[in-house]
Amino acid sequence: MTVQARILRLLRSIQEESGLSMLLVSHDLRVMAHVAHQVVVMYAGRVAERGPTAAILRTPAHPYTRALVQSVPAVRTKSALAHPLPGTPATPAARPTGCAFHPRCPLARDRCREEQPVPRSIGPGRWTACHFAEEVLDA
Ligand code: SF4
């Protein structure tokens with residue numbers, strides 16, 4: 001953890017001094033929360049959600065993002081409880097029909113199994129690939 005923190009600090013200082021963009025690929029939401037201004041959440045090789053990191057972690061609009069956030073005590077909101085995600089992750093080589101997340105999604109319904117959601121705008125700078133993002137935001 002100490003080495004990781006040092007490397008992240010170094011990368012960030014290089015990025016700020018040089019004015020360059022930095023693309024960081026990680027499974028660690030805590031890292032993303034501290035380092036990234038923008039985040040793209042991927043599932044089975046497709047974009048599930050993207051936008052400002054703080055907004056996405058505070059109010060996820062995709063059920064997969066919400067499950068990720070709730071699985072990390074240091075990131076999830078105080079009121080949220082951890083709910084383990086059922087099933088096994090899909091892969092790009094064996095993607096379910098429609099929304100690739102539907103076998104594991106608590107909100108899945110017929111449309112999800114038949115129609116692949118494409119990323120759509122749900123607010124300033126925010127995009128999600130979920131047919132029912134508004135329900136996720138309201139939940
Ligand atoms: S499109 Fe349907 S299955 Fe996919 S994340 Fe949204 S609610 Fe769940």
Side-chain angles (χ1 to χ4, degrees):
M1 290 300 279
T2 308
V3 173
Q4 181 190 56
R6 269 197 221 147
I7 290 171
L8 289 172
R9 267 199 303 275
L10 177 62
L11 287 172
R12 191 162 197 166
S13 68
I14 292 170
Q15 185 263 321
E16 286 171 357
E17 285 166 19
S18 63
L20 296 173
S21 298
M22 177 169 68
L23 179 64
L24 186 66
V25 180
S26 175
H27 286 98
D28 191 332
L29 277 187
R30 289 167 301 183
V31 167
M32 303 313 280
H34 285 103
V35 174
H37 300 119
Q38 297 279 322
V39 69
V40 179
V41 179
M42 307 283 296
Y43 186 78
R46 289 183 184 143
V47 172
E49 183 166 14
R50 70 180 168 90
T53 308
I56 285 186
L57 296 183
R58 193 172 50 248
T59 55
H62 191 285
Y64 179 57
T65 313
R66 188 174 63 179
L68 289 178
V69 169
Q70 290 179 342
S71 71
V72 182
V75 174
R76 69 175 183 247
T77 58
K78 282 181 185 153
S79 60
L81 297 173
H83 299 292
L85 207 47
T88 53
T91 67
R95 237 185 239 131
T97 58
C99 175
F101 189 58
H102 84 253
R104 311 177 75 192
C105 181
L107 298 180
R109 54 201 82 168
D110 287 347
R111 183 181 176 192
C112 306
R113 288 177 266 279
E114 293 157 9
E115 185 186 333
Q116 179 190 331
V118 292
R120 62 186 172 91
S121 175
I122 54 156
R126 289 194 62 176
W127 297 75
T128 186
C130 174
H131 296 310
F132 305 106
E134 289 73 14
E135 283 184 35
V136 181
L137 288 168
D138 287 344

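The structure displayed is predicted, hence computed values, not measured ones. Every number for a ligand or one of its atoms is a count from 1 in the order of the listing.
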**Q.** Nearest atoms (heavy-atom pairs only) where Gly125 meets Pro52
**A.**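 The answer is O-CD, 3.6 Å.
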
Q) Listed by chain and number, what are the ring-ring contact (aromatic ring centres under 6.0 Å, His included) partners of Tyr43, not counting sequence neighbours? A)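 Tyr43 satisfies ring-ring contact (aromatic ring centres under 6.0 Å, His included) with Tyr64, Phe101 once adjacent residues are dropped.
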
**Q.** Protein N/O/S atoms closer than 2.8 Å to atom 2 (Fe) of ligand 1
**A.** Cys112 SG

Q. About how many Å separate CD of Glu115 and NE2 of His102, when rounded to the nearest 0.5 Å?
A. 13.5 Å

Q: May I ask you to list the atoms of ligand 1 that are less than 4.0 angstrom from any heavy atom of His62?
A: 5 (S)

Q) Quick one: do Arg120 and Glu134 make a salt bridge, cutoff under 4.0 Å? A)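 Yes, Arg120 and Glu134 are salt-bridged.
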
Q: Could you walk me through whether Val39 and Arg50 pass side chain to side chain contact (heavy atoms under 4.5 Å, CB included), step by step?
A: CA-CA 6 Å; Val39 69; Arg50 70 180 168 90; over 6 Å; no

Q.
I need the single residue from Val41, Val136, Leu29 that forms a side-chain contact (heavy atoms from CB on, under 4.5 Å) with Thr65. Which is it?
A.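 When side-chain contact (heavy atoms from CB on, under 4.5 Å) is applied between Thr65 and each of Val41, Val136, Leu29, only Val41 qualifies.
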
